[in-house]
Amino acid sequence: MHRLIDFSLKNKFLVLIFTAVIVAAGIYSMLRLPIDAVPDVTPNQVLVLTQAPGLGPVEVERFVTFPVETAMSGLPGIEQIRSVSRFGLSSVYIYFEEGMDIYFVRRLVLERLPAAREAIPAGIGSPEMGPVSTGLGEIYQFEVRGEGMTLMDLRSILEWDIAFKLRGVPGVVEVNSYGGELKTYEVQLDPEKLVSYNVGLDKIFTALERNNANAGGAYIERAQEQYVIRGEGLVERISDIDNIVVQASPGGTPVYIKNVGRTQLAPQVRQGAATRDGRGEAVTGVVMMLMGENSRVVAQRVRDELEEIKQSLPPGVTIDTYYDRTELVRKTISTVEKNLVEGGILVVAVLLLLLGNVRGGLIVAAAIPLSMLFAFTGMVQAGLTGNLMSLGAIDFGLIVDGSVVMIENIVRRLGEEKRAGVSREDVIRDAGREVARPVFFAVLIIMIVYLPILTLQGVEGKMFRPMALTVIFALIGSLILALTLMPVLAALLFRGRVAEKEPRVMHWLKDRYRPLLHRSLGRPVITGAISVAVFVVSLGLVPFMGTEFIPKLDEGAIAIQAWRLPSVSLSESVKSTTLIEKVLKERFPEVITVVSRTGVAEIPTDPMGVETSDIYVILKEHSQWQTADTREGLIEKFNEALEQQVPGNVFSY
């Protein structure tokens, strides 16, 4: 440490260059640092989804879920396998050890998928992996609206005009569809005509399958030219299906599909729907972010892309955004910035007040932003995100601790009577050497306090390890700056006579501290007994303290979950959510919009049944609330109104 201080004072320009590098790297890292509201505690998992339309939960469990679980068992690093079997859907969650690369474990699962497919009876369903996203991946949600258009038309626009382009946005892994009707071509057969033409269902299936394909026939040469031979049989319109030949009658007359049934557009069997603002069913899209991306940056890219997409949509079709993660991130950053700025100003004010030297206070204050920039670089290199837990845990008092001791001692030594033959730089070097050891161990002890947090595993580890690492990075930066930059800045900025002038506040405090110190030293037994008594009393107060896992975070919205009887139909659930939306919109002026999602989406990452609905209530700013002053009071009013006017539901908030 002494050699480090000597080197810094001999190479001041080099230290300043090193500081400039810290600043440049910190600013670059700050711009790249992924920002989110809270740490992502999603476990290291791979989701295997299998859609088996028409199968009941018992058959799904027996013919789909169990074969998938069997095929995935025994994978390296696997911790447990959990599954949900519902009507027409199998969801298998494969949990791996924390720390294993997500793409490596997905490759392991991918290698086992062929074995799972072979174990599933033909025609039931094909298991596929879910998107590479997390529980915080739904960063942007919007509704597709169009006057005079059906749910099927809007869903087709979402699939082919909007989602198709959004998937190409960097950082977007998938665009999930909620609500609407997925377009299919449905052949409705007439049993009487099947009997009259003596046509079985197997012939219908075979004819439809064999007459929906193109074929190649190599080429032929003619008149010095080459002609590619193609057989075109792909179905493109309903009339193509109607004109498919099923068989020939005994007299040689062909029997077409249109002779035994009717072809029409029809929605695919679904187990989910979306409604909004009491208007009935709606078509919504949910943008899912790739794991590890910056939600703020990706959401901005999505907004920019949607502006481009809007220009190419059919007339009358609009995109109405109702949830944007950027708003939550903005509020979180605003909260953190407010706390950091206020804390920084308070620390600087205290430094200027207690050090009694304006230049010294400003030099010490410079350690705050520099240590933060050093911490940003460490966070990016460690793959951490900036959020309410990691950034909100930084204590500026801890950061400037070493620099305060260093500068205070330098000011004290410079204020002493100067000895002959001793230069100002020699005084600063000796002052730095005097306190280098206590500064180093003081900061080291603080860092050691955070080391046990780094051993946490699971949800606790994902929640609190980023906080501990961020503080440790900031403390390492502050220690380096205290031993290198602080002596250099003192040598450069402390010109002329430096007088150690004790501030009045410190003088006033010392006058009252000295008598207490003498009394305590004169009565060690009483002093120790009082200390023990205070400690015991503090332990007795612990059971009366409130506890919470993380700070409460209010993003200006309320999520309601509604449950109904498990046997309820999808249409009845849609009626129920529509009524809920009407009650909330009409009775509460605080509500901007209400969006309900019932059952599963197109990609069933959340395998809810049709008896369960997630209801998102977007609220106005708190200053515009009229029904209640607090969120708890507003929830209580919501619950009273819904229980009175929407029977058959159980709500949680």
Side-chain angles (χ1 to χ4, degrees), residues 51 103 107 110-111 113-114 117-118 122-123 125-129 131 149 152-175 177 182-189 193-194 197-266 268 301 304-315 317 602-603:
Q51 300 200 42
Y103 295 101
R107 192 187 74 183
L110 182 63
E111 293 174 352
L113 280 182
R117 294 190 183 106
E118 290 180 2
S126 178
E128 302 289 344
M129 285 192 294
M149 291 193 173
M152 187 178 295
D153 294 334
L154 294 174
R155 176 64 181 273
S156 298
I157 293 173
L158 172 61
E159 291 286 346
W160 299 106
D161 295 341
I162 301 175
F164 178 76
K165 297 176 182 178
L166 285 179
R167 292 188 185 100
V169 174
V172 174
V173 67
E174 187 57 83
V175 179
S177 303
L182 184 63
K183 181 189 294 184
T184 61
Y185 296 91
E186 182 177 276
V187 179
Q188 297 182 349
L189 299 173
K193 292 182 178 180
L194 289 175
Y197 284 103
N198 193 25
V199 176
L201 286 176
D202 57 337
K203 292 183 179 180
I204 301 292
F205 294 150
T206 302
L208 290 171
E209 183 177 351
R210 295 180 62 183
N211 286 271
N212 183 29
N214 284 359
Y219 63 88
I220 59 174
E221 293 184 3
R222 182 185 179 190
Q224 300 178 345
E225 290 185 317
Q226 178 174 294
Y227 295 87
V228 177
I229 301 172
R230 298 173 60 227
E232 296 184 4
L234 281 178
V235 171
E236 295 183 354
R237 55 188 66 87
I238 290 179
S239 59
D240 293 341
I241 300 176
D242 286 337
N243 293 321
I244 290 176
V245 177
V246 179
Q247 68 178 22
S249 65
T253 303
V255 178
Y256 299 98
I257 291 291
K258 61 185 177 183
N259 297 134
V260 296
R262 183 165 61 95
T263 306
Q264 65 178 19
L265 294 177
Q268 187 178 14
R301 293 172 185 162
D304 296 340
E305 183 66 22
L306 283 177
E307 291 300 320
E308 295 289 334
I309 294 174
K310 289 177 181 179
Q311 301 176 12
S312 61
L313 292 177
V317 177
E602 179 68 20
I603 302 173

Point-to-point distance, once rounded to the nearest 0.5 Å, from [atom1] of [X] to [atom2] of [Y]:
X: I244; Y: S239; atom1: CD1; atom2: OG; result: 10.5 Å
X: E236; Y: Y185; atom1: CD; atom2: OH; result: 9.5 Å
X: K258; Y: I238; atom1: NZ; atom2: CD1; result: 13.5 Å
X: N214; Y: R230; atom1: CG; atom2: CZ; result: 6.0 Å
X: Q268; Y: L182; atom1: CD; atom2: CG; result: 5.0 Å
X: L166; Y: L158; atom1: CG; atom2: CG; result: 8.5 Å

Minimum heavy-atom separation for [X] to [Y], with atom names?
X: V175; Y: V172; value: CG2-CG1, 4.2 Å
X: Q247; Y: N198; value: NE2-O, 3.6 Å
X: I157; Y: M149; value: CD1-SD, 3.8 Å

Okay, side chain of T263, backbone of V187: is any donor-acceptor separation there less than 3.5 Å?
->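 No.
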Do Q264 side-chain atoms and Q188 backbone N/O form a donor-acceptor pair below 3.5 Å?
->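 No, the answer is negative, given that no donor and acceptor are paired below the 3.5 Å cut-off.
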With a 4.5 Å cut-off on side-chain heavy atoms, are [Y] and [X] touching?
X: E602; Y: R155; result: yes
X: I241; Y: N212; result: no
X: K183; Y: L265; result: yes
X: N259; Y: V199; result: no
X: I309; Y: D161; result: no

Please check if atom CD in Q226 has more than 12 non-hydrogen atoms from other residues, nucleotides or ligands closer than 6.0 Å.
->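 Buried by this count: over 12 neighbours within 6.0 Å.
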Does CZ in R167 sit with more than 12 non-hydrogen atoms of other residues, nucleotides or ligands closer than 6.0 Å?
->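 More than 12 within 6.0 Å, yes.
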Apply side-chain contact (heavy atoms from CB on, under 4.5 Å) to the pair Y256 and V246, showing each step before the final yes or no.
-> CA-CA 6 Å; Y256 299 98; V246 179; over 6 Å; no
CA sep, side-chain torsions, deciding dist, call: L208, V235, side-chain contact (heavy atoms from CB on, under 4.5 Å) = CA-CA 9 Å; L208 290 171; V235 171; over 6 Å; no
Does the salt bridge (charged side-chain N to carboxylate O under 4.0 Å, His left out) test come out yes or no for R301 and D304, once each step is laid out?
-> CA-CA 5 Å; R301 293 172 185 162; D304 296 340; over 6 Å; no
N-O pairing of E128 and R117 below 4.0 Å |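 Looking at E128 and R117, the cut-off is met.
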How far apart are the C-alpha atoms of D240 and N211, what are their side-chain angles, what is the distance that settles it, and do they pass the side-chain contact (heavy atoms from CB on, under 4.5 Å) test?
-> CA-CA 9 Å; D240 293 341; N211 286 271; over 6 Å; no
